[in-house]
A.B. asks: 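I have a structure here, written as structure tokens, and I will follow up with some questions on it.
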Amino acid sequence: PRDGEGETGVVVQTKPKTKRPPLYKVLLLNDDYTPMEFVVHVLERFFGMNHAQAFEVMLTVHKKGVAVVGVFSHEIAETKVGQVMDFARRHQHPLQCTMEKE
Ligand code: NFA
């Protein structure tokens with residue numbers, strides 16, 4: 001069938017679709033070794049949180065095992081994950097950061 005035509009031979013209007021880019025959740029995972037202060041620093045430095053917000057989110061990860069720390073475009077999410085993983089590795093902490101499609 002032509003564009004906008006179903007299997008009936010009837011041509012129907014094609015919706016003017018404006019596609020928004022998919023968003024990605026950036027997740028921070030708990031572990032037993034990364035110091036709490038280091039996680040708070042990561043959240044302040046890479047996710048623009050103030051100290052109180054960062055402490056609260058760090059405690060959520062500590063207690064629940066994982067938390068969403070931000071929602072971004074694919075490119076920005078990838079950059080954040082890379083920055084956190086690199087920073088943790090350089091400081092020899094096992095902190096893990098991942099992303100998933102919303
Ligand atoms: N669970 C870690 C500790 O007790 C703290 C932590 C919080 C690690 C959030 C990773 C993420 N030192």
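Because the structure is a prediction, the values reported are computed rather than measured. Counting starts at 1 for both ligands and their atoms, following the listed order.
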A.B. asks: Which ligand 1 atoms are under 4.0 Å away from a heavy-atom of Leu95?
C.D. replies: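 Answer, ordered by atom number: 10 (C), 11 (C).
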
A.B. asks: Should you measure from each heavy atom of Leu29, which atoms of ligand 1 turn up under 4.0 Å away?
C.D. replies: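 So the atoms of ligand 1 that pass are 10 (C), 11 (C).
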
A.B. asks: Give the ring-plane orientation class for Phe55 versus His51, where under 30° counts as parallel, over 60° as perpendicular and anything between as tilted.
C.D. replies: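 Rings of Phe55 and His51: tilted, as their planes differ by 30° to 60°.
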
A.B. asks: Distance to 0.1 Å, residue and atom name: give those for the protein heavy atom nearest to atom 11 (C) of ligand 1.
C.D. replies: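 Residue, atom and distance for the closest contact: Val61 CG1, 3.5 Å.
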
A.B. asks: Before signing off on this row, confirm whether Tyr33 and ligand 1 have an N or O atom pair separated by under 3.5 Å.
C.D. replies: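 Not met; the criterion fails.
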
A.B. asks: Do the side chains of Met58 and Glu37 get nearer than 4.5 Å, heavy atoms only?
C.D. replies: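 The answer is no, as the side chains (C-beta and beyond) never meet within the 4.5 Å cut-off.
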
A.B. asks: Among all protein heavy atoms, pick the one closest to atom 7 (C) of ligand 1 and tell me residue, atom and distance.
C.D. replies: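 Looking only at protein heavy atoms, the one closest to atom 7 (C) of ligand 1 is Asn30 OD1, 3.6 Å.
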
A.B. asks: Please report, to 0.1 Å, the donor-acceptor pairs under 3.5 Å made by any side chain of residues 20-29, with sequence neighbours excluded.
C.D. replies:
unit_1, atom_1, unit_2, atom_2, d
Lys25, NZ, Glu100, OE2, 3.3

A.B. asks: What residue and heavy atom of the protein are closest to atom 5 (C) of ligand 1, and at what distance?
C.D. replies: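 Protein heavy atom with the smallest distance to atom 5 (C) of ligand 1: Thr34 O, 3.3 Å.
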
A.B. asks: Please tabulate, one pair per line, all N/O donor-acceptor pairs under 3.5 Å involving side-chain atoms of residues 59-66, not counting sequence neighbours.
C.D. replies:
unit_1, atom_1, unit_2, atom_2, d
Thr60, OG1, Glu56, O, 3.1

A.B. asks: Just do the side-chain contact (heavy atoms from CB on, under 4.5 Å) check on Thr98 and Val81 with the steps written out, would you?
C.D. replies: CA-CA 6 Å; Thr98 62; Val81 169; 5.7 Å; no

A.B. asks: To which protein heavy atom is atom 2 (C) of ligand 1 closest, and what is the distance rounded to 0.1 Å?
C.D. replies: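 Here the closest protein heavy atom is Asp31 O, 3.2 Å.
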
A.B. asks: Over 60° means perpendicular and under 30° means parallel, so tell me whether Phe47 and Phe72 are parallel, tilted or perpendicular.
C.D. replies: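 The rings of Phe47 and Phe72 sit tilted, inter-plane angle from 30° to 60°.
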
A.B. asks: Checking a contact table here: which protein heavy atom is nearest atom 4 (O) of ligand 1, and how many Å away?
C.D. replies: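 The closest heavy atom on the protein side is His62 CE1, 3.2 Å.
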
